[in-house]
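Before any comments, here is the structure.
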Amino acid sequence: MAQADCPSGKEIWAGDSDGKNVVAYYPDGISSTSDIVFEGWEGKKIGWRVRATVECSNGIVICGLSIPTVDGRFIEAADAEEVGSGEKRFLVFASLQQTTAREQMFGIEIAAQWFGKKPTDAPAIVLPSQFGLVGCQKGDEMEAGTK
């Protein structure tokens with residue numbers, strides 16, 4: 001059961017990409033420019049981790065996401081926002097799934113930390129556009145995954 005009383009920026013979010021669980025969290029909390037971490041899990045085993053940046057404008061709040069690629073460029077996805085209330089909260093990146101899939105179809109690979117050896121037949125990392133609230137970070141535990 002998700003917890004609605006997480007301190008701001010300490011939520012743990014989960015989404016699905018091709019049947020794999022993708023977890024998202026802000027390791028250092030939320031500000032106008034914040035790191036966000038995405039992790040790909042199969043069961044209780046982490047496969048990869050991607051560290052990206054969410055940047056929000058001042059005034060009219062418009063947020064976007066920058067995801068580093070292996071060649072030093074960035075994949076940009078717009079319109080990051082949190083919607084809902086209580087335990088029914090979602091973190092939504094309107095174009096994230098489409099953008100990451102499209103860019104990788106053109107050979108642009110997301111920079112990821114792989115746990116264990118990266119499989120030679122590993123599919124492209126495609127991040128989902130919607131994540132539901134699944135819990136709260138406790139201290140620095142999230143660095144190890146979905147605790």
Sorted by chain and residue number, the side-chain hydrogen bond (donor to acceptor under 3.5 Å, both in side chains) partners of Gln98 (sequence neighbours excluded) come out as none
Taken to the nearest 0.5 Å, the spacing of Lys44 NZ from Ile46 CD1 works out to 14.5 Å
Show your working on side chain to side chain contact (heavy atoms under 4.5 Å, CB included) between Ile125 and Thr100 and close with a plain yes or no.
CA-CA 8 Å; Ile125 295 172; Thr100 55; over 6 Å; no
Taking only residues two or more places apart in sequence or in another chain, which ones pass side-chain hydrogen bond (donor to acceptor under 3.5 Å, both in side chains) with Asp18?
none
Could you tell me which non-hydrogen atom of Cys6 sits nearest to which non-hydrogen atom of Gly135, and how far apart they are?
SG-O, 3.5 Å
Please report the closest heavy-atom contact between Trp48 and Ala112, naming both atoms and the distance.
CB-CB, 4.3 Å
For the side chain of Ser17 and the backbone of Val126, is there at least one donor-acceptor N/O pair under 3.5 Å apart?
yes
What residues form a salt bridge (charged side-chain N to carboxylate O under 4.0 Å, His left out) with Glu109, not counting sequence neighbours?
Lys118
Mind checking the CZ-CZ spacing from Arg49 to Phe115? Nearest 0.5 Å is all I need.
3.5 Å
Would the Phe38 and Phe131 ring centres measure less than 6.0 Å apart?
yes
Do Ile75 and Thr99 come within less than 4.5 Å of each other through their side chains, counting heavy atoms only?
yes
Calculate, to the nearest 0.5 Å, the distance between atoms CD and CZ belonging to Gln97 and Arg102 respectively.
12.5 Å
Applying side chain to side chain contact (heavy atoms under 4.5 Å, CB included) to Phe93 and Val54, what does each step give before you reach the verdict?
CA-CA 10 Å; Phe93 299 94; Val54 175; 4.3 Å; yes
With distance as the sole test, does Thr53 use its side chain to make a donor-acceptor pair with the main-chain N or O of Ser34 at under 3.5 Å?
no
Which pair of non-hydrogen atoms, one from Ser129 and one from Ser95, has the smallest distance, and what is that distance?
OG-C, 4.0 Å
Between side-chain atoms of residues 64-72 and protein atoms elsewhere (two or more places apart, or another chain), which donor-acceptor pairs fall under 3.5 Å?
from	atom 1	to	atom 2	distance (Å)
Ser66	OG	Glu76	OE1	2.7
Ser66	OG	Glu76	OE2	3.2
Thr69	OG1	Asp71	OD1	2.4
Thr69	OG1	Arg73	N	3.1
Thr69	OG1	Arg73	O	3.0
Asp71	OD1	Arg73	N	3.3
Asp71	OD2	Arg73	NE	2.9
Asp71	OD2	Arg73	NH2	2.8

Distance check, rounded to the nearest 0.5 Å: Leu133 atom CG versus Glu82 atom CD?
7.5 Å
No-hydrogen, no-angle side-chain donor-acceptor test under 3.5 Å, Glu11 and Tyr26
no
Same cluster for Ile108 and Leu96 if Ile/Leu/Val/Met/Phe/Trp/Tyr side chains link at under 4.5 Å?
yes
Any chain of hydrophobic side-chain contacts (each under 4.5 Å) joining Phe74 to Val50?
no
Residue pairs passing the salt bridge (Lys or Arg N to Asp or Glu O under 4.0 Å) test with at least one member in residues 24-36, sequence neighbours excluded, are Asp35-Arg51
Does some side-chain heavy atom of Val22 sit less than 4.5 Å from a side-chain heavy atom of Trp13?
no
To the nearest 0.5 Å, atom CD of Gln137 lies from atom NZ of Lys10 at 5.0 Å
All salt bridge (charged side-chain N to carboxylate O under 4.0 Å, His left out) counterparts of Glu55, not counting sequence neighbours:
none
Between the NZ atom in Lys45 and the CG atom in Asn21, the distance rounded to the nearest 0.5 Å is 15.5 Å
